Amino acid sequence: MREDKSKLLRSLTIDRSANKVERPKSRWLPISAAVAACVVVAFAAFAAFELRRQDQPKESTSQTAPQPASQLQAQQQSQQGATNGKAAGSLAASGYVVARRKATVAAEITGKVVEVFTDEGRTVAEGQVVARLDSVLAERDYELARSRVETADAAVAAITADLEDASRIMSRVQTLSQKNFATEADLTKAQARVGVLSAQLRQAQSQLETAKIDAKRSASMLDKHQIRAPFAGVVIDRSAQPGEMISPMSVGGYTRTGICTIVDMDSIEIEVDVNEAFIGRVTPGGPVNAVLDAYPDWTIPASVIAIVPTANREKATVKVRIRFEKKDPRILPDMAVKVNFMREAKANGSADASAAN
């Protein structure tokens, strides 16, 4: 019985070794089939690509037409011109538009701003009043000085009249003294009177001149309350407002030192810094092409004014001044600009190319 039970149990057990052998076969068969299919597709695509690549040059060669001789010559000339241009080259530099005449208009005295007669963007003439300061005290001083002038003038007139009368009396006394009708004491007294009046007249005349000088000084101080433009130009900045205190020097607080800033637009030019290693390629009077960053498609003809005879040790550059051949309202101070210094070799090459065409 025991043997039959053991045989029965053995027959019911699962044979795991057989499953281990058969399972790998069922897993790798689909994977190997997929890999083989991918390899076949890859070879087919590579073969098609090679066939197209071999046929394409033949088709392009058969479709390309021969270029005319004139086009070939033009291409050769353009290539030659480009080669000459690269050989000759042009020196490029960058800088800014500056104004040679630019001033911040300020008062010569300390005072309170009463009126401002200009604003940004307005054009002013030379000597035009741009602002006015409080001038009440200055006007009173001027009136007082004029009164002193009138007083001194009246004193001169009174002493002159007395002197003329004393001179006539002295003449009569001299005549009578010659005829022994007047004493010597009367003659001496008359002469002394004329001398005293003459001295008083000179003193009064000096006081009159002093009063006139004082009046002129008071008039100048009164005129300083009228702030005028030193030259004709355009106002680019207005810094003072009515009611503010202004002074020729800063004294702290809210005191300003200027009314407005004026620029003479006829004095604008270009200043650029050129590397000192290439300054030998810049010549005074040489042609320059300038391009403003604000108008990149606009080339402005210009020329070199001068090379400033000093170098910047820190930047190793030399400053060059350039003039605009023609002024334009679009050119404004402090604009960024790029310039090309044209070389004579390049200009001659372009002239020869145009003559050949």
Side-chain angles (χ1 to χ4, degrees), residues 103 105-117 124-232 240 242-252 255-259:
V105 182
E108 300 181 24
I109 59 175
T110 302
K112 184 175 70 174
V113 179
V114 177
E115 291 180 286
V116 179
F117 303 105
V124 295
E126 182 178 359
Q128 179 180 339
V129 178
V130 297
R132 184 173 67 86
L133 304 181
D134 186 10
S135 59
V136 175
L137 295 179
E139 291 175 358
R140 298 296 179 267
D141 292 340
Y142 179 61
E143 292 176 0
L144 181 60
R146 290 182 58 186
S147 177
R148 289 173 180 171
V149 171
E150 293 177 358
T151 301
D153 192 14
V156 169
I159 295 173
T160 301
D162 291 341
L163 180 60
E164 290 176 355
D165 183 57
S167 298
R168 287 192 297 267
I169 292 174
M170 185 183 67
S171 297
R172 288 195 300 268
V173 171
Q174 286 178 350
T175 301
L176 294 174
S177 176
Q178 291 174 359
K179 296 179 179 180
N180 296 323
F181 289 107
T183 62
E184 189 70 23
D186 294 335
L187 180 59
T188 302
K189 184 179 179 180
Q191 290 175 348
R193 177 65 178 169
V194 170
V196 170
L197 291 175
S198 297
Q200 290 179 354
L201 179 61
R202 290 195 299 272
Q203 182 182 6
Q205 289 175 345
S206 298
Q207 291 177 352
L208 176 61
E209 293 298 325
T210 302
K212 288 181 178 179
I213 293 173
D214 191 19
K216 289 182 180 179
R217 181 178 177 277
S218 297
S220 299
M221 292 299 297
L222 180 61
D223 187 66
K224 290 182 185 300
H225 289 74
Q226 307 284 337
I227 304 174
R228 304 178 184 275
F231 51 82
E244 293 181 331
M245 292 297 296
I246 190 170
S247 175
M249 61 183 65
S250 180
V251 293
T255 304
R256 294 190 179 274
T257 57
I259 294 291

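Keep in mind it's a predicted model, so treat the numbers as computed, not measured.
Looking at every heavy atom in both residues, Val124 comes nearest to Gln128 through CA-OE1, 3.4 Å. Scanning all heavy atoms of the two residues, the minimum distance from Ser198 to Leu163 falls at OG-CD1, 3.3 Å. Across all their heavy atoms, Ser218 and Ala145 have their closest contact at OG-CB, 3.7 Å. The two residues Pro242 and Val116 have their closest heavy-atom pair at CD-CG2, 4.2 Å. Residue Ala211 comes nearest to Ala152 through the heavy atom pair CB-CB, 4.4 Å, listed as atom of the first residue, atom of the second, then distance. Residue Ala103 comes nearest to Pro230 through the heavy atom pair CB-CG, 4.5 Å, listed as atom of the first residue, atom of the second, then distance.
Every residue two or more places apart in sequence or in another chain that forms a side chain to side chain contact (heavy atoms under 4.5 Å, CB included) with Gln200 is listed here: Ile159, Val196, Leu197. Among residues two or more places apart in sequence or in another chain, the side chain to side chain contact (heavy atoms under 4.5 Å, CB included) test is passed with Thr160 by Val156, Glu164, Leu201. Not counting sequence neighbours, the partners of Val129 by the side chain to side chain contact (heavy atoms under 4.5 Å, CB included) test are Phe117, Gln226, Arg228.
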N/O donor to acceptor pairs below 3.5 angstrom from side-chain atoms of residues 168-184, sequence neighbours left out:
unit_1, atom_1, unit_2, atom_2, d
Ser171, OG, Ser167, O, 3.0
Thr175, OG1, Ser171, O, 3.0
Thr183, OG1, Asp186, N, 3.3
Thr183, OG1, Asp186, OD2, 3.1

With a cut-off of 3.5 Å and sequence neighbours excluded, list every side-chain donor-acceptor pair involving residues 130-141.
unit_1, atom_1, unit_2, atom_2, d
Arg132, NE, Glu115, OE1, 3.1
Arg132, NH2, Glu115, OE1, 3.0
Ser135, OG, Glu139, OE2, 3.3

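Taking OG1 of Thr257 as the reference point, atom CD1 of Ile246 lies at 7.0 Å (rounded to 0.5 Å). Summarising the geometry, atom NZ belonging to Lys112 is positioned 11.5 Å from atom NE2 belonging to His225; distances are rounded to the nearest 0.5 Å.
Residue pairs meeting the salt bridge (charged side-chain N to carboxylate O under 4.0 Å, His left out) criterion with at least one partner in residues 199-218, sequence neighbours excluded, are Arg148-Asp214.
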